[in-house]
Peer 1: 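My structure is below; once you've seen it, I'll send some questions.
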Amino acid sequence: MSNPLEEVGHKWGMVIDQDLCTGCQACVTACAMENNIAFVGEQDAAYGRSLQWIRVERFWEGEFPEVKSTPFQPVLCQQCGQAPCEPVCPVYASVHSENQQINIQVYNRCVGTRYCANNCPYQARVFNWRDYREPGPLDNALNPDVTVRRRGIMEKCTFCVQRIVQGEDTARAEGRQMADGEVVPACAQACPTEAIVFGRLDDPDSLVSRLKRDGRAVQLLEELGTQPSVTYLKGGSSYGRNG
Amino acid sequence: MAATAKPIAPATHEEHAESRQHLMLDPRPRGEMNAMVMESMHTTSWKFWGIAFLLGIVVLVCLFLAWGYMISEGLGVAGVNRPAYWGIFLVNTVFWIGISHAGTFVSALLRVFKAEFRRPFTRAAELMTTFGLIQAGLSIFMHMGRVWLSYWLAPYPNARGLWPNFHSPLAWDFLAINTYLLASTMYLFLPLIPDLAMARDRSTGWRKVVYRVLALGFRGTEGEWAHLRTAMNIFAFAILPVMFSVHTIVAWDFAAASRPGWSSTIFGPYFVVGALHSGVAAVAMVLVVVRGTMKNMKYFIRAEHFDAIGKLMLVISMGWAYFFFNDYLVQWYGGDHWTHTLLAWHESGPLAWIWGLMLVCNVAVPWFLLWNRKIRSRPGWMFVIGLLINVGMWCERYVIIPISLTINRMPFTWQSYRPGIEIVLGIGTLAFFILLYMLASRLVPLVPVWEVQEGQMAHSLRKFGRKTVVSVSELE
Amino acid sequence: MTEKLSRRDFLKLTAAGAGATAVLTGCGPASRYVVRSPYAEMPEYTYNGQSTFYATTCRECPAGCGIVVRTHQGRALKIEGNPSHPVNLGKTCSRGQAALQGLYNPDRVEAPQALAAGDRQEIDWDRAIRVVREALIGNRPEEIAFLLGPSPDHLYDLVSEIMRSLGGPAPLCYGTQALFEARATLVQATAQVLNRTALPFCDLGGSDVAFSFGANFLETWLSPLAYGRGFARMRRGQVGRRGFLVQFEPRLSQTGAAADEWIAVAPGTEGLVALALGRLVAEARGGLVPAAYREVDVATAAEASGVPEGTLTRLAGIFANAEHPLAVPGGAALGHVNGLEAARAVLTLNALAGNLGQPGGVFLTPVPNVHPDSRRGPDTLVEINALIGRMRSGQVKALFVHGINPAFELPAALGFTAALENVPQIISFASFPDETALLADYIFPDHTPLESWGYQKVRTGSDRAALSGAQPVVVPFHNTRATVDVLLAAIQAAGGDLAAGVPYSDEVDFLQQSLLTLVQEAGNIAAPEIRTFMTQFQQYGGWWAAEAGLDAPSTPAPLERPLRLIEPEFAGEGEFHLHVYPSPILGDGAGANRPWLQETPDPMTTVMWNTWVEINPETADELGLEDNDVVRVASDFGAIEAPVYRYPAIRRDTIAIPFGQGHTALGRYADGRGANPVALLGLKLTGAGDLAFAATRVRLEKTGRTSILARLESRIGVYGEGLE
Amino acid sequence: MLQRLKLLERLQNLARRPIFWIVTGLFTILLAAGVGSGIRSMQAPPPQPLDFNHQVHVGLGIQCLYCHPGAWRQAAAGLPTTAKCWGCHQQMANTKPAQQVLVAYAMAGESIPWVPVFIQPDFVYFNHRPHIAAGLNCENCHGEISRQTVAQPIPRQNMGWCLDCHRGRAAGDEQMLARLTDCATCHR
């Protein structure tokens, strides 16, 4: 509360329950469809150039037959409070939104130094290595609320800021506060098990704030002090447990 | 110009003279020396033009056409990917900035410390600074995803109401490199003025026009010399901090990032020493070529100069090894999991041979060979050693940038880097550097004649009893 | 003149200016001075720049999830779940999300086509309708065959009605989706154990311990979103503690990865394990072991399945002590010659647990009262084989194909493609140029689902009877026509008894008349008459019963009959069991032409854009196989080639290949990509007459080539390659 | 060498002749004129399908929002549909050339292909609603449209122009400043 700007607008946050994530990739596809993310084709995808803003990670533990995959972990931009990507951009294309308390990427300002991506400990940023144009009538499905990126531009998860801004505008036009869960990003909206929960962290009663207080809550690479807005719930679920 | 050097009979002081060859105590008349230099510029064989033509084609194809293709296609034609967002472009940038350090170091630092052996080759080194920086600038612009918007890095009032982000090491870089380019070009130009005036007085035709313009009407009066000396003195002192800061800032690009292996406080001086390592080695290489291919250069550039440069290279190699060891030890001792993985990736990953090559070329080769004075004074050997050191230093940057970028804190994304068009573009920058140097060698006296003459005037051998010593007379 | 000049100059200058701005600012062409065409007349419910949302049904798989499509100025932009739809409650899967790339696919059949002298020519719809009319009335009824997809939709109901009216054979509905779900086998097992021909619904959400025998219910099985929701409820612990899921299968599936424990049972012994568990559970509970389990020998089962007896005992203890234990049969466990018995064994385990019709147990989903006379289950391979036999012998004169791509989906060993040559007239209604359509004489492209009317019965996954409704969200993008409309137009043109027997003017009329039976039923729609009903049906995206209610099965004491399993048999020779599973992303292969589905990584292997062969790393070492080595997988029935993926979680005697790629048609994104494993399948059958798709043995051969698989995961970071 | 010298001399000789300077001067003037007219035409109103007279319509007392109804409640103000124009014009004698163009469109039932004059690049998301809600008048940004016939663009309506106004309105209010200068307010 030392910084008066903390109270501005909203502080958006996300909680991902890894005990519920089934790794189904619905979030990945939903994100691509909402945010005009281009597909890159097999060759570039094989070379680490695919443009998914969210990826589902899994590792392996043990040897057959006791082998087990680790719980699925969707990794997206963690929308850090102290984001390493922000100070290094020479042109302010990667900036902190004081209003929404997220990191935004201003595509039209990006000159493509890729420093932000290097400095992102979560490797959550992707770069348009080519002009990945959507051919033919496929471009009919492009979302007019999201800028179509061309070659040489860094992009990343924005917490679907177009939905946030629109939701705020609607609420303001109707002269009311936004309800919890009124605005959700495409991934949380699609998630079949509701493992991804989105909401306002500045509202202590919101679902996401309540979940964040769960004893299982951890943050990715907490030791770096990036203050992520995304919280993971790890280990067996404790919902409905007695005591 | 009060002092006059006395010719010394070679027979009398043979053993001393040999050890003082770098002072060039066998002066020739000024007119003759000037003519020698002019002749070296004008004696151009068809081979020269053949090579220049070929290089021009290489530059056109490998640099401009390839770059144009990359701009129109996007960086996908290069090998950069996630997580190796920076590839050979940045390797080359750092490498060329390193090369450019030699000029300033050899020229300014040795001038400030009045190291006399510098005289015949300051010009060659200064040219390297400017031309190397041009390649560094090209490389970093190639690296940008939208190079056509690079002017946004410049701070100027604009319609968007936006400024560059001065928190970003890249913004510092932009300013530092530009400052350095400007300063080093001026520093190249100042000592060039008397030579240009000399050339003006000895040329005809279009060259005369060019020299007349460039020489700024220098006639060699006492006053002009006094002003020039003052200016050069100021610049020599001023450019040194600029030089150190530039490579330190380049190092901060890495050190300021929060990545395993990069966040190292020693990167600043480590990079500076690395730059000197490759730069001085490159000076040696250039001198070998200049001496071997241009007329009359064997008089100006002598085996003893190579000997002196070889000593310098050895010392710098030790300095580099010290910093490398220091960095390695601290990183390793720190015990961070990711750093350990990174070191393992360096040492035993599929590209461990690059890491090994780096150590062999940067440490083993100079340490084993440069102890030997005979090797030091043989241009052929020096060329090979210089080349190896440059290969080693290039490998060092390759290890620090694309190889290290493979390893980050998200193992799910680790991915090796496989260069694409950057190799072609790298060849293009190299060819451009050589081409610029070749063309300059026809336009600019590669040896600062006046400086050599000044040195010869200042030094003379005097006998004190049975001993012969070199005396230096103050010039001012 | 001057005006012309100035305008041209202006255009040039603006073009240059726009180009310059585009170059300088980036982010797509800057649209300085573009022409806008506002509506001549503003459509109702449309505002400039505002999105309109339409509720419809996702038809990428037969589950029947409700979706809401965001449209903007006549373009469909985004698919979102329908929050009030009882199947998916507002959630969507990858395949549903990518449905837009079907609608706007660059490789659609854009107009009706006829094959003439080996060449495809566009024809007009009048001629198309004449062709259909001739096919329907020009042949004897038994010479007509309809082959439809597995969805229980309005087209199936209409075609059933047409064929009844004609007196011809009922339409066949089939598809690999249903095959890999083992639907037919499951339905028959349910009929035998629970006494009703229906798909069982396993209430995962209410259970606290669930044993899944091969059911990949989080991927493609029956209704993945409904089961996903159930899984989440189970994990959240609705009954007071976090649910525990155990997966029995030879290859760790995505469902297995999300489970708490994975038991690598030998292929074909899942039923045996279920029986052994049943006996152990009965013993653990004390009292008399029911008749069903008297003949079960746990030690034999343990040996055959490769699961240690201790593990079985431990698991049986967990099952016995659970409040709401549940056993789920499905997938590859049922794809063996003893699949039917295995399904019965698993369902009987539920009877033993006493959860039939109990919360956290097994229910039967009631089916809405629409065309109750049309058949319920999907057909089996035996019936398909009979059709192919008739085709081969020339008894089929006209074959209509819709919603299925048999030339791609059916096992090559069946010889469908060869049999097609003896069919004089093949009419495909495919929206995409798939393998079958390219073999057809005519392609009369149907609208893609997002341009179509329709309904789909919810067979399972909903907690109540539900009929999912579909409506066009955009104007048809190409010159396509609804198959129902084409059939009805042909029938009207034919006139006579046929037209009298199928008295519908068009598709919407058919829908309205079909829905008449629902108007009076208590549901989400309160409308006195059909027009209002229809409006609300469109608005809500379907009809569903007002009250949640699932049918409890009436059990004829399944525990009293002894259960026996026949020995698993395998088709062909070879050192490996072949485990073919439907790709969780591409499903039955129809998704292979959606570029974003191709680029959505497979959940387990993270591979994109290709087919791979999963093999245990130790086995791979023995064979000297590295990642990306192309191997030739051969059975007695066929062979394919694909790169190796060293998969840590698969039995050493099994290799697994995902189904979905290997198209030789279907447009630029699918064609020539990967390999189709159905080429390998032998023709062993389950007790229910469906294909025992997991009962094939194969051999592996190195080809010496390599082909790099596009995977999202890092082989360095995940497998430590190059770091040892 | 000699030839080079000659070339140089020739050039020097040429530079002494007045025709050289005249040609060079003309060329420079032409170039400057070209650049100027290019820039000017970028700011000139684009040709419209029909020369709609704003002055007359506003003079008749028609509110801006009648034809651009989106402005007060959504992002896009909207351009009038043919039906909207025809609603009034069908009741009058359409004699002027522009009116006859309208008649042609209305009779054909086609939409009028208006060319929007005030447009922003694709990456700028302008929303009319909050601006109207903040009490701005149309004229604040669009100028005196009521005195123009065909709508004319206002030059240099760029980011700095937007920001100047935003900063001015948020003066002293840090919350408002944060919101009004947030990148995501206009760029997504």
Side-chain angles (χ1 to χ4, degrees), chain A residues 19-26 28-30 32-34 39-43 45-46 50 52 55-60 63-65 67-69 72 107-108 110 135-144 147-150 152-153 186 189-195 236-242, chain C residues 25-28 72 75-81 91-94 97-98 100-101 104-106 218-219 224-225 228-229 231-232 235-238 240-242 252 254 257-258 262 264 477 584-585 595-601 603-604 608-610 616 618 648-649 652 708-712 718:
Chain A
D19 200 33
L20 299 183
C21 178
T22 66
C24 72
Q25 313 279 338
V28 176
T29 322
M33 297 326 250
E34 167 74 16
F39 53 91
V40 303
E42 182 171 15
Q43 210 157 11
S50 54
Q52 290 104 343
R55 61 175 187 267
V56 183
E57 295 193 351
R58 66 104 190 77
F59 294 87
W60 295 103
E63 292 285 322
F64 184 84
V67 67
K68 194 83 188 79
S69 76
F72 292 107
Y107 307 123
N108 46 303
C110 179
L138 278 175
D139 53 7
N140 276 284
L142 290 176
N143 185 351
T147 308
V148 176
R149 285 82 59 188
R150 64 193 306 223
I153 294 176
Q189 190 183 34
C191 181
T193 57
E194 292 183 332
S237 156
S238 64
Y239 291 93
R241 271 186 190 162
N242 303 329
Chain C
T25 55
C27 289
H72 197 87
R75 294 185 291 131
L77 297 184
K78 179 77 180 22
I79 288 176
E80 293 165 3
K91 298 305 176 183
T92 45
C93 69
S94 280
Q97 285 290 342
L100 287 173
Q101 298 204 323
Y104 293 123
N105 199 287
L218 295 177
E219 296 149 68
L225 288 174
R229 186 173 66 242
F231 170 78
R235 274 282 162 85
R236 288 206 175 101
Q238 295 297 304
R241 62 176 183 177
R242 176 184 176 275
L252 182 81
Q254 181 203 330
W262 168 59
F477 199 69
I585 303 296
W596 252 113
L597 280 189
Q598 288 277 12
E599 197 149 307
T600 300
M604 290 317 296
M608 300 163 266
W609 295 96
N610 216 331
N616 187 299
E618 282 182 43
R652 300 193 51 183
I708 291 172
L709 287 172
R711 43 169 117 188
L712 186 70
V718 178

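Note that the structure is predicted; figures quoted are calculated from it, not measured. Chain identifiers are assigned alphabetically (A, B, ...) following the order of the sequence lines, protein sequences preceding nucleic acid strands; residue numbering begins at 1 within each chain.
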Peer 1: Under 4.5 Å between any side-chain heavy atoms of C:Q598 and A:E42, yes or no?
Peer 2: no

Peer 1: For a 4.5 angstrom cut-off between non-hydrogen side-chain atoms, does A:E194 reach C:R236?
Peer 2: yes

Peer 1: Dump the intermediate steps for side-chain contact (heavy atoms from CB on, under 4.5 Å) on C:V718 and A:R58, then the final yes or no.
Peer 2: CA-CA 8 Å; C:V718 178; A:R58 66 104 190 77; 4.0 Å; yes

Peer 1: Would you mind checking which part of C:P584 comes under 4.5 Å of any heavy atom in chain A, side chain (CB onward), backbone (N, CA, C, O), both or neither?
Peer 2: neither

Peer 1: Rounded to the nearest 0.5 Å, what's the gap from CG on C:L100 to CG on A:L142? Could you check?
Peer 2: 10.5 Å

Peer 1: Can A:Q189 and C:K78 be said to form a side-chain contact (heavy atoms from CB on, under 4.5 Å), step by step?
Peer 2: CA-CA 12 Å; A:Q189 190 183 34; C:K78 179 77 180 22; 4.1 Å; yes

Peer 1: Assess whether side-chain contact (heavy atoms from CB on, under 4.5 Å) is satisfied between A:M33 and C:I79, documenting all intermediate values.
Peer 2: CA-CA 8 Å; A:M33 297 326 250; C:I79 288 176; over 6 Å; no

Peer 1: Restricting to non-hydrogen atoms, name the atom on C:L77 and the atom on A:N140 that form the minimum distance, rounded to 0.1 Å.
Peer 2: CD2-O, 3.8 Å

Peer 1: If we define contacts as heavy-atom pairs under 4.5 Å, which of A:A45, A:S69, A:A30 has the most with chain C?
Peer 2: A:A30

Peer 1: Where does C:L252 contact chain A at under 4.5 Å (heavy atoms): side chain, backbone, both or neither?
Peer 2: side chain

Peer 1: In terms of heavy-atom pairs under 4.5 Å with chain A, which of C:S94, C:A76, C:A258, C:A710 leads?
Peer 2: C:S94

Peer 1: Determine the interplanar angle of the C:W596 and A:F39 rings, folded into 0 to 90°, and report it as parallel if under 30°, tilted if 30 to 60°, perpendicular if over 60°.
Peer 2: perpendicular

Peer 1: A side-chain contact here means heavy atoms from C-beta on lying under 4.5 Å apart; do A:D139 and C:Y104 qualify?
Peer 2: no

Peer 1: Find the one option among C:A98, C:P648, C:C93 whose heavy-atom pairs under 4.5 Å with chain A are most numerous.
Peer 2: C:P648

Peer 1: Ignoring hydrogens and angles, tell me if any N or O in the side chain of A:T193 forms a donor-acceptor pair with the backbone of C:A232 under 3.5 Å.
Peer 2: no

Peer 1: Among A:G136, A:P192, A:P135, who wins on heavy-atom pairs under 4.5 Å with chain C?
Peer 2: A:P192

Peer 1: Of the backbone (N, CA, C, O) and the side chain (C-beta and beyond), which part of C:P224 lies under 4.5 Å from a heavy atom of chain A, both, or neither?
Peer 2: neither

Peer 1: Partners of C:E219 by salt bridge (charged side-chain N to carboxylate O under 4.0 Å, His left out), sequence neighbours excluded?
Peer 2: none

Peer 1: Which residue out of A:C110, A:C21, A:C191, A:A186 racks up the most heavy-atom pairs below 4.5 Å with chain C?
Peer 2: A:C191

Peer 1: What are the two closest heavy atoms between C:L712 and A:Q52, and how far apart are they?
Peer 2: CD1-OE1, 4.0 Å

Peer 1: Can you find a heavy atom in the side chain of C:P601 that is under 4.5 Å from one in the side chain of A:V56?
Peer 2: no

Peer 1: Hey, which of C:R229, C:H72, C:E80, C:M608 has the most heavy atom pairs under 4.5 Å with chain A?
Peer 2: C:E80

Peer 1: Would you call A:E34 and C:Q97 a side-chain contact if the rule is heavy atoms closer than 4.5 Å?
Peer 2: no

Peer 1: Shorter than 4.5 Å, heavy atoms on both sides: which option in A:C24, A:S50, A:P65, A:G152 has the most such pairs with chain C?
Peer 2: A:C24

